[in-house]
**Q** 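The structure is given below, and queries will be raised subsequently.
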Amino acid sequence: MYLSLGSNLGDRKANLERALAALEAESIRVTARSSFYETQPQEVWEQPWFLNLAVACETEYLPLQFLVISQRIERELGRVRGPGLKPKGPRLIDIDILLYGNVVMQNLRLTIPHPRLPVRRFVLEPLVEIAPDLRHPGTGRYLRDYLRKVRGQQLRKL
């Protein structure tokens, strides 16, 4: 399983480290992690830049079970969701499932692979760093090939 983690409020690096520790505490073993990337917000521009990274994980949880756990971790770390808040707006922590093996699924709660994976440099760049030969299970294309189309999105490897 591959995840993307991001934060653009407070101590961004500490937020990400706390999220990784919380995942490990739930028996979700991080097997690889990318560098940190400072990234330009997408879609909602008027907010602080994000700090992002990608991780490879091993888990016994099924995708929807993992979704429940990751959303609970987000809440426990201070993420607030709900009416009146901007979706894609500022947040203390964001944990997204990018890929789960070769699973391709879509329902009202979860879509895997993440539907915006091919168009987000802040996800692709760190993911390709840790898994350069990874293919998109829906299209069969190498993820590194998608990077050519998103080079205009600003980010900085730290």
Side-chain angles (χ1 to χ4, degrees), residues 1-59 61 63-101 109-132 134 136 143-144 146-158:
M1 170 174 56
Y2 292 91
L3 307 175
S4 175
L5 287 80
S7 174
N8 74 338
L9 295 175
D11 185 336
R12 301 172 305 166
K13 186 174 182 184
N15 294 340
L16 296 173
E17 294 291 355
R18 281 194 295 274
L20 291 171
L23 290 168
E24 292 273 357
E26 293 288 342
S27 300
I28 299 158
R29 193 167 75 84
V30 175
T31 58
R33 65 186 266 181
S34 73
S35 303
F36 290 104
Y37 289 81
E38 190 168 44
T39 63
Q40 181 181 32
Q42 301 293 306
E43 299 175 47
V44 177
W45 303 99
E46 298 299 319
Q47 61 179 316
W49 280 43
F50 282 83
L51 196 63
N52 293 95
L53 80 154
V55 295
C57 300
E58 291 178 354
T59 183
Y61 296 114
L64 287 172
Q65 291 172 316
F66 177 81
L67 178 66
V68 169
I69 291 166
S70 66
Q71 289 177 340
R72 179 177 45 76
I73 290 170
E74 289 176 336
R75 279 191 313 275
E76 289 172 355
L77 294 177
R79 173 131 187 214
V80 179
R81 297 176 190 252
L85 295 175
K86 286 184 186 177
K88 301 180 186 37
R91 64 203 81 159
L92 285 168
I93 191 68
D94 186 34
I95 303 171
D96 285 335
I97 302 170
L98 302 176
L99 300 166
Y100 191 98
R109 296 186 59 208
L110 182 62
T111 300
I112 299 175
H114 192 287
R116 289 179 297 286
L117 168 65
V119 297
R120 290 181 164 175
R121 185 176 180 196
F122 71 89
V123 171
L124 288 167
E125 197 87 31
L127 187 54
V128 168
E129 176 189 327
I130 62 172
L134 197 58
H136 190 289
L143 294 182
R144 65 179 179 256
Y146 290 107
L147 273 172
R148 293 185 192 104
K149 296 182 180 181
V150 295
R151 290 282 181 207
Q153 296 172 14
Q154 294 186 27
L155 63 79
R156 181 174 74 228
K157 184 176 180 179
L158 301 180

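Just so we're clear, the structure is a prediction, and the values are computed from it rather than from any experiment.
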**Q** Look up atom CG in Leu143 and atom NE2 in His136, then write down how far apart they are to the nearest 0.5 Å.
**A**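 Here the rounded value is 7.0 Å.
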**Q** Which value, rounded to the nearest 0.5 Å, describes the distance between Arg91 atom CZ and Leu77 atom CG?
**A** 14.0 Å
**Q** Quick check on side chain to side chain contact (heavy atoms under 4.5 Å, CB included): which of Leu5, Asp96, Ile95, Ile28 does Ser70 satisfy it with?
**A** Ile95
**Q** Which atom pair, heavy atoms only, marks the closest approach of Pro118 to Leu124?
**A**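 Here Pro118 and Leu124 meet closest at O-CD1, 3.6 Å.
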**Q** By side chain to side chain contact (heavy atoms under 4.5 Å, CB included), which residues pair with Arg151, not counting sequence neighbours?
**A**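 Per chain and number, Arg151 pairs via side chain to side chain contact (heavy atoms under 4.5 Å, CB included) with Arg121, Glu125, Leu147.
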**Q** With the threshold set at 4.0 Å, does a side-chain nitrogen-carboxylate oxygen contact exist between Glu26 and Arg72?
**A**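 Result for this pair is yes, salt bridge flagged.
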**Q** Donor-acceptor check, side chain of Asn8 to backbone of Pro48, threshold 3.5 angstrom: yes or no?
**A**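 Side chain of Asn8 to backbone of Pro48: a pair is present.
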**Q** Return the minimal non-hydrogen interatomic distance between Asn52 and Gly6, and the atom names on each side.
**A** ND2-CA, 3.4 Å
**Q** Could you give the distance from CG (Leu127) to OH (Tyr2), rounded to the nearest 0.5 Å?
**A** 7.0 Å
**Q** To the nearest 0.5 Å, what is the distance between OH on Tyr37 and CG on Leu51?
**A**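 If I round to the nearest 0.5 Å, the distance is 11.5 Å.
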**Q** Just wondering, do Leu3 and Phe66 contact through their side chains at under 4.5 Å, heavy atoms?
**A** yes
**Q** Tell me, do Tyr100 and Thr59 make a side-chain contact under 4.5 Å, heavy atoms counted?
**A**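 Side-chain contact under 4.5 Å: yes.
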**Q** Can you see whether Arg18 engages Asn15 through a side-chain donor-acceptor pair at a distance of less than 3.5 angstrom?
**A** yes
**Q** Between Val68, Ile93, Leu20, Leu23, which is the residue that forms a side chain to side chain contact (heavy atoms under 4.5 Å, CB included) with Ile73?
**A** Leu23
**Q** Just by modelled atom types, is the Leu53 backbone N or O under 3.5 Å from a matching donor or acceptor in the Ser34 side chain?
**A**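 Side chain of Ser34 to backbone of Leu53: no pair is present.
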**Q** Distance from Ser4 atom OG to Asp94 atom CG, nearest 0.5 Å?
**A**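 If we round to the nearest 0.5 Å, Ser4:OG and Asp94:CG are 7.0 Å apart.
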**Q** Under 4.5 Å between any side-chain heavy atoms of Leu99 and Leu117, yes or no?
**A**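 They are in side-chain contact.
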**Q** Is there a donor-acceptor contact under 3.5 Å from the side chain of Gln153 to the main chain of Gln40?
**A** no
**Q** Considering residues at least two apart in sequence or located in another chain, which fulfil the side chain to side chain contact (heavy atoms under 4.5 Å, CB included) criterion with Pro41?
**A** Gln47, Trp49, Phe50
**Q** I'd like to check the side-chain hydrogen bond (donor to acceptor under 3.5 Å, both in side chains) partners of Tyr61; sequence neighbours left out, ordered by chain and number.
**A**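 Expected list: none.
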**Q** Check Ile130 against Pro132 and note the closest heavy-atom contact, atom names and distance.
**A** C-CD, 3.7 Å
**Q** In Å and rounded to the nearest 0.5 Å, what is the CZ to CG distance from Arg12 to Leu92?
**A** 12.5 Å
**Q** Is Lys13 salt-bridged to Glu17, cutoff N-O under 4.0 Å?
**A** no
**Q** Find out whether Arg120 and Val150 are in side-chain contact, i.e. whether some heavy atom of one side chain is under 4.5 Å from a heavy atom of the other.
**A**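 With C-beta onward as the side chain, the pair stays apart.
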